[in-house]
Structures are given as C-alpha cells and as structure tokens.
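This chain uses plain numbering: 1 for the first residue, then up along the sequence. All values derive from a computational prediction rather than experimental measurement.
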Amino acid sequence: MWKLVIADDERVIVKGLKKMINWESFGIEVVGEAYNGEQLKKSIEFFDPDIVLTDIMMPYVTGLEILHWSREQKRKTKFIFASGNQEFSYAQEALKNGAVDYLLKPVGAKNLEEALKKAIRLLQEQNTVEIFDTKKDEFQELFEDINNGRNYENEDLYQMFQEAQLDITDCMYVGICAGICPDAAVELSSRSFGQFNLTRFSVFNRLTGAFSSRKLGFVVKKDKDALHIMGVFPGKDRDVFIQKYVDPIRKQVEIECAVELCMGIGRPVEQPSDMLRSYKDAKFAFGLYHFVEEKIVDFSDVHWEYNVTYDDYKADVEQAFRAIIAKDEQVLEKLDQVMNDIEALHYGNWNAIIMRTMHFTGDLGSRLNQYNLLDIDFYEMQDELQRKVEKQFTVSALKNCIHNHYADLVRRIYQKGKSEEKVLIEDVKDYIRQHYTEDLSIKELADVACVSQNYFSAMFKKETGQNYKAYLTSIRMEEALRLLRETDDKTYEIAERVGYNNVRRFVDAFKQIYSVSPMEYRKALREK
C-alpha cells in the first residue's frame with residue numbers, strides 16, 4: 001500500500017478529501033493529517049509517506065517551502081498541491097520544482113484521481129529505476145533514439161516500461177522485432193485491408209501483453225510492419241531463451257490470431273547502454289525473413305561472407321547480355337548469376353534487392369530493344385514484370401520469377417529468328433567506334449563477339465561487305481577529315497589522334513581512299 005498524508009488549514013476540507021474517493025482502490029492508505037506547515041513536516045518525518053496532498057498556502061510554513069525541504073533531505077515523497085486561483089504563480093513554481101500536479105479548489109474527484117495515478121506511476125518508475133542505480137538516463141535515451149525524439153511516443157512507451165516493474169537482477173537484454181510474415185500480411189490485406197489492420201492491432205496487443213504479463217520485456221517502438229520489444233531474460237538462460245520464452249509466445253499469438261508471425265532476435269547484451277545495438281540487430285534480423293524464410297531469425301546465427309563487388313556485378317550483367325545475343329546454352333545460368341550478385345550486394349536490404357532487380361532488368365531489356373529483338377512493347381513488358389516482382393516476398397521466389405521471365409523472353413527472341421550474327425556485328429562496330437585510336441587486333445574483336453577468329457572474320461565480311469580492317473580504316477579516316485576541317489593540327493598529330501603510329505602509313509591510307517594527301521585536302525578547303 002502507498003502511504004499518504006493530507007494537509008489543509010481547514011479541517012472540513014481534510015475530512016472531505018478523505019471521503020471523496022475510495023483510497024484502497026488505488027492501493028493507498030491515508031496514514032496522517034496536518035493543519036499547518038509545522039504539523040505537516042512532523043507528519044512527513046514520522047510517517048515517511050509516499051504521497052502528500054496539501055494546500056499550497058499553509059500557516060507557518062508554506063507547502064512550497066516543505067517541498068524544497070523534502071528535496072533537500074532527498075526524500076522520495078511525491079507532492080500534489082491544492083491551490084486557489086490567486087495562488088496560481090505559486091503552483092507554477094511548485095511544478096517546476098518537482099510537484100506531481102496542482103488542483104484548483106474546490107478539488108474534484110476526477111482531477112484528484114488523475115493526479116494520484118500520475119503520482120503512482122512516478123513512484124513505480126522510481127522503484128524500478130532504483131534497481132538500475134544511475135542508469136535511468138540510458139533507458140530514456142533508448143526510447144528517444146529509437147523513436148527519433150517523438151516525445152509522445154517516448155513518454156507513452158517509457159510509462160509502460162515503468163509500469164512493468166521488471167526484475168533485471170542478473171538479466172540480459174535482447175532486442176526482439178516481431179510482426180506478421182510479409183507474404184501472410186499481403187494475402188490478408190488483399191482480402192480485406194480493414195481485417196488486416198484489426199489482425200495487426202490484435203497481434204501487437206497480444207505480444208505486448210504476453211511479454212508484459214510474464215515480465216519478460218517492454219515495448220520500445222511500434223511501426224506499421226513490426227512491434228519492437230526489449231526482452232529481459234535471466235542471464236543463466238542465455239543459450240535457451242528463444243526456445244524457453246520467445247518461441248512459445250510466438251506460437252501462442254499465432255494460434256490466438258490465426259496468422260503466421262516472424263521474429264528477428266538481436267544479440268544478448270548485459271548493459272543498458274548496449275540495448276540500442278541489440279534493437280538494431282533485431283530489426284536487421286527481422287528483415288532477413290525475405291532471405292532465409294525462417295519464422296525466427298537469430299542475429300547471432302547470421303554469417304554472410306559472400307564477397308561480390310559492383311564491378312563483379314557489372315561484368316556478369318555484360319556476360320548475360322552477350323549470352324543472350326550469342327545463343328549461349330548457359331544463358332539462364334548466367335542470368336541467375338546476376339541475381340546471385342544482387343543478393344550478395346544487398347543482403348539484408350529487401351527494398352534494395354527489388355530496386356536493383358528492376359534496374360538490371362530494365363537496362364538489359366532496353367539494350368535488347370535497341371537491337372529490335374523484342375516482339376512486345378518494352379515499357380509494357382517492364383510494367384508487367386514489375387507487377388510480378390512486387391508479388392514476391394522472398395529472394396528465392398524473386399529469383400524464380402526472374403528466371404522464368406528470361407526463360408520465356410529468350411525463347412521468344414530465338415523463335416523470332418533474327419540473326420544473332422547481325423546483332424554481334426553491330427556490337428563489334430560500336431566497339432570499334434569507341435576504340436579506333438587503339439591498335440585493334442582480330443583476336444580482341446573476336447573476343448568482343450564471343451566467337452573464334454576465323455568465324456569472326458567470315459561473319460564480319462558477310463554482314464558488312466568488308467573486312468574489319470577496312471571498316472576500322474573508314475572510321476579513322478572520317479575522324480581525320482573532321483580534324484583537317486576543324487583544327488590546325490599538323491599531319492603527324494592527326495595521324496596519332498586517329499590511331500596511326502607511323503605518319504607515312506596514315507598518308508598512304510588517306511590517299512588510297514580520297515585520292516589526295518591530307519595536306520592537299522586541307523589546301524583545297526582553304527582555297528574555296
């Protein structure tokens with residue numbers, strides 16, 4: 001029972017307050033009365049009450065002075081003041097100095113009850129935090145950090161933590177992130193969004209109640225997808241707390257709400273200052289449902305060491321594109337490898353997986369479209385693929401979706417019958433235009449086309465009507481003409497800029513095509 005002393009210089013008011021409410025229903029016992037400030041001080045010293053309900057303007061010693069005196073003695077007593085309108089400034093000062101509340105006279109039962117509830121909450125908080133010694137601020141900071149400083153949520157959740165009165169002797173703290181499995185959530189919301197919201201509300205309430213009633217943890221945050229709980233478990237159960245406490249609660253709530261739940265479990269920590277880290281671990285582990293498809297993911301069991309760089313990813317995308325063009329028998333395996341790269345690059349970040357997948361398929365589809373290989377509208381194809389992707393909720397399902405998409409697309413491209421040789425040569429011509437200043441060999445160009453040198457030579461002649469050297473020379477000479485027209489560069493400088501190390505070879509090649517030397521060509525331009 002909480003102990004309370006009532007003080008007022010009018011006895012009738014003291015008597016009225018004692019009869020106004022059912023004190024026992026609040027767990028309160030009225031242990032003393034006082035009619036002036038001196039009596040109140042003596043009552044406080046004798047009874048050591050938890051709560052004092054007093055008039056602010058008491059004879060001899062004011063209620064405000066008694067509040068200061070109590071604080072100086074480091075008493076834990078909570079003060080509720082009654083005040084007349086003309087004493088409002090005193091009441092404001094009282095609140096600034098730690099009073100629980102002030103009530104305007106005549107005091108009403110409802111206002112008194114609310115003030116008592118607040119005082120009891122503060123007492124419960126005080127008793128709980130005493131166990132932590134000087135660690136109270138660490139818990140407050142936890143709520144502020146997790147809820148981004150939103151005061152209403154901080155205060156509401158911190159109050160729930162206070163009321164839980166958890167025993168943290170020899171305990172460990174474990175972040176727990178829990179919610180409806182993503183695929184189950186989408187299925188439920190597609191049937192009835194209203195029913196989904198009711199189910200989610202019920203799940204969160206039952207999880208909160210289950211952990212609270214068992215004194216196994218407290219809620220630190222609620223969002224649209226998950227309930228975040230800081231579990232408090234006996235340190236001796238470090239190796240079995242999931243099986244002993246967490247999983248039974250999950251199964252119980254699943255049965256009660258008729259919906260599948262998943263949970264992410266953070267690493268156990270012993271210090272309150274480390275709770276934020278465990279919370280972040282749990283949040284990450286919760287997101288791994290998309291990757292591992294397990295209802296409980298323990299961060300301590302997560303070991304991902306697959307190292308893939310962005311350059312690896314780009315190289316595999318290029319190989320996949322060339323495999324499609326060349327009708328490579330391993331084309332689907334190479335496309336699957338790109339999806340493996342995406343998983344490795346963004347492991348743990350489902351949204352990044354989806355975005356990277358859509359970027360990859362969009363870029364690859366655009367390149368295929370440039371070669372007129374698609375028999376359907378590119379944008380229509382991408383819209384349809386995106387709708388399919390959005391229906392996937394695990395990496396394995398997403399990979400299967402992309403595999404099936406390209407299995408169908410590649411089959412349609414090959415059935416269309418467009419010569420892959422034509423596409424390959426266009427690719428080689430693009431490469432030559434980008435690298436004409438270099439000493440390009442037939443081996444290098446054959447590698448670009450992913451064919452043998454002999455096959456490349458015959459294929460290039462068939463598709464262009466000239467060998468690759470003649471095509472390379474024509475590209476170089478086109479650039480040489482531009483430089484002669486637009487610059488004052490000397491002949492040897494132009495030769496170097498278009499890929500010739502020997503100026504004589506450049507001049508001979510130029511004369512063979514244009515029947516004049518570079519100098520004669522420039523001179524003719526200037527005489528016009």
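When atom types are taken as modelled, the side chain of Ser190 and the backbone of Glu187 share a donor-acceptor pair closer than 3.5 angstrom. When atom types are taken as modelled, the side chain of Asn369 and the backbone of Ser366 share no donor-acceptor pair closer than 3.5 angstrom. No donor-acceptor pair closer than 3.5 Å links the side chain of Arg191 to the backbone N or O of Phe196. Judged by distance alone, with hydrogens and angles left aside, the side-chain atoms of His290 form a donor-acceptor pair with the main-chain N or O of Phe393 at under 3.5 Å. Formation of a donor-acceptor pair under 3.5 Å by the Thr473 side chain with backbone atoms of Lys469 is found in this model. Of the possible donor and acceptor atoms, none in the side chain of Asp237 sits under 3.5 Å from a partner among the backbone N and O of Val240. Not one N or O on the side chain of Asp408 forms a donor-acceptor pair closer than 3.5 Å with the backbone of Asn404.
With values rounded to the nearest 0.5 angstrom, Leu188 atom CG is found 11.5 Å from Asp183 atom CG. Summarising the geometry, atom CG belonging to Asn467 is positioned 8.0 Å from atom CZ belonging to Phe460; distances are rounded to the nearest 0.5 Å. Taking NE2 of His403 as the start and CG of Leu332 as the end, the distance is 4.5 Å to the nearest 0.5 Å. Expressed to the nearest 0.5 Å, how far CD1 of Ile425 lies from NZ of Lys429 amounts to 8.5 Å. For the atom pair Leu364 CG and Phe321 CZ, the distance stands at 7.5 Å (nearest 0.5 Å).
The side-chain heavy atoms of Met381 and His405, taken from C-beta on, include a pair separated by under 4.5 Å. A heavy-atom distance below 4.5 Å is not found between the side chains of Leu216 and Val246. Side-chain contact between Thr208 and Ile229 is absent, with no heavy-atom pair separated by less than 4.5 Å. Side chains of Met263 and Leu207 form a contact here, defined as non-hydrogen atoms less than 4.5 Å apart. The closest side-chain heavy-atom distance from Tyr406 to Thr361 is below 4.5 Å. Looking at heavy atoms from C-beta onward, Met275 lies out of side-chain contact with Val220 at the 4.5 angstrom threshold.
Counted within 6.0 Å of CE on Met355, heavy atoms from surrounding residues, nucleotides or ligands total 12 or fewer; the atom is thus considered open. Lys461 NZ: 12 or fewer foreign heavy atoms inside a 6.0 Å radius. Within a 6.0 Å radius of CD in Glu270, no more than 12 heavy atoms belonging to other residues, nucleotides or ligands are found. For Lys295, the NZ atom is densely surrounded, since the number of other residues' heavy atoms within 6.0 Å is greater than 12. More than 12 heavy-atom neighbours from other residues, nucleotides or ligands sit within 6.0 angstrom of CZ on Phe378.
Minimum interatomic distance between Ala285 and Gly264 (heavy atoms only, all atoms of both residues): CB-CA, 3.8 Å. The shortest heavy-atom contact between Ala226 and His228 is O-CD2, 3.8 Å. Asn197 approaches Arg200 most closely through the heavy-atom pair OD1-NH2, 2.5 Å. Counting all heavy atoms, side chain and backbone alike, Glu343 lies closest to Ile353 at CA-CD1, 3.6 Å. Residue Pro268 comes nearest to Arg238 through the heavy atom pair O-NH2, 3.3 Å, listed as atom of the first residue, atom of the second, then distance. Heavy atoms only, all atoms of each residue included: Ala119 and Val100 are closest at N-CG1, 3.8 Å.
For the side chain to side chain contact (heavy atoms under 4.5 Å, CB included) test with Leu288, the passing option among Phe299, Trp350, Tyr347 is Tyr347; the others fail.
Taking the six-membered ring for Trp and the full ring otherwise, Tyr468 and Tyr471 have centroids separated by 6.0 Å or more.
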Could you go through the side-chain contact (heavy atoms from CB on, under 4.5 Å) check for Phe211 and Ile176 one step at a time? CA-CA 11 Å; Phe211 278 91; Ile176 300 171; 3.7 Å; yes

Take Lys334 and Asp328 through the salt bridge (charged side-chain N to carboxylate O under 4.0 Å, His left out) test and state the conclusion after the steps. CA-CA 9 Å; Lys334 293 182 177 180; Asp328 190 326; 2.9 Å; yes

Candidate pair Thr309 and Asp312, rule side chain to side chain donor-acceptor pair (under 3.5 Å), full reasoning: CA-CA 5 Å; Thr309 67; Asp312 295 331; 3.0 Å; yes

Could you go through Asp50 and Ile120, starting from their C-alpha distance and side-chain angles, then the distance that decides it, and tell me whether this counts as side-chain contact (heavy atoms from CB on, under 4.5 Å)? CA-CA 9 Å; Asp50 301 293; Ile120 291 171; over 6 Å; no

Starting from the C-alpha separation in whole Å, work towards a yes-or-no answer on side-chain contact (heavy atoms from CB on, under 4.5 Å) for Lys399 and Ile402. CA-CA 5 Å; Lys399 287 181 176 179; Ile402 298 302; 6.0 Å; no

I'd like to know whether Val232 forms a side-chain contact (heavy atoms from CB on, under 4.5 Å) with Tyr173, so could you lay out the CA-CA distance, the side-chain angles of the two residues, the decisive distance to 0.1 Å, and finally the verdict. CA-CA 5 Å; Val232 180; Tyr173 307 100; 4.0 Å; yes

Report the C-alpha separation of Gln382 and Gln386 in whole Å, then their side-chain angles, then the decisive distance to 0.1 Å, and conclude whether the side chain to side chain donor-acceptor pair (under 3.5 Å) test is met. CA-CA 6 Å; Gln382 282 303 111; Gln386 181 164 349; over 6 Å; no

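Salt-bridge check for Glu318 with Arg367: passed, with a basic side-chain N closer than 4.0 Å to an acidic carboxylate O. A salt bridge does not link Lys251 with Glu254: none of the charged nitrogens is closer than 4.0 Å to a carboxylate oxygen. Salt-bridge annotation for Asp383 and Arg387: absent, with no side-chain N of the basic residue lying under 4.0 Å from a carboxylate O of the acidic one. A salt bridge between Lys117 and Glu114 is present, with a side-chain N of the basic residue lying under 4.0 Å from a carboxylate O of the acidic one. With respect to Glu479 and Arg482, a salt bridge is recorded, a charged nitrogen being found less than 4.0 Å from a carboxylate O.
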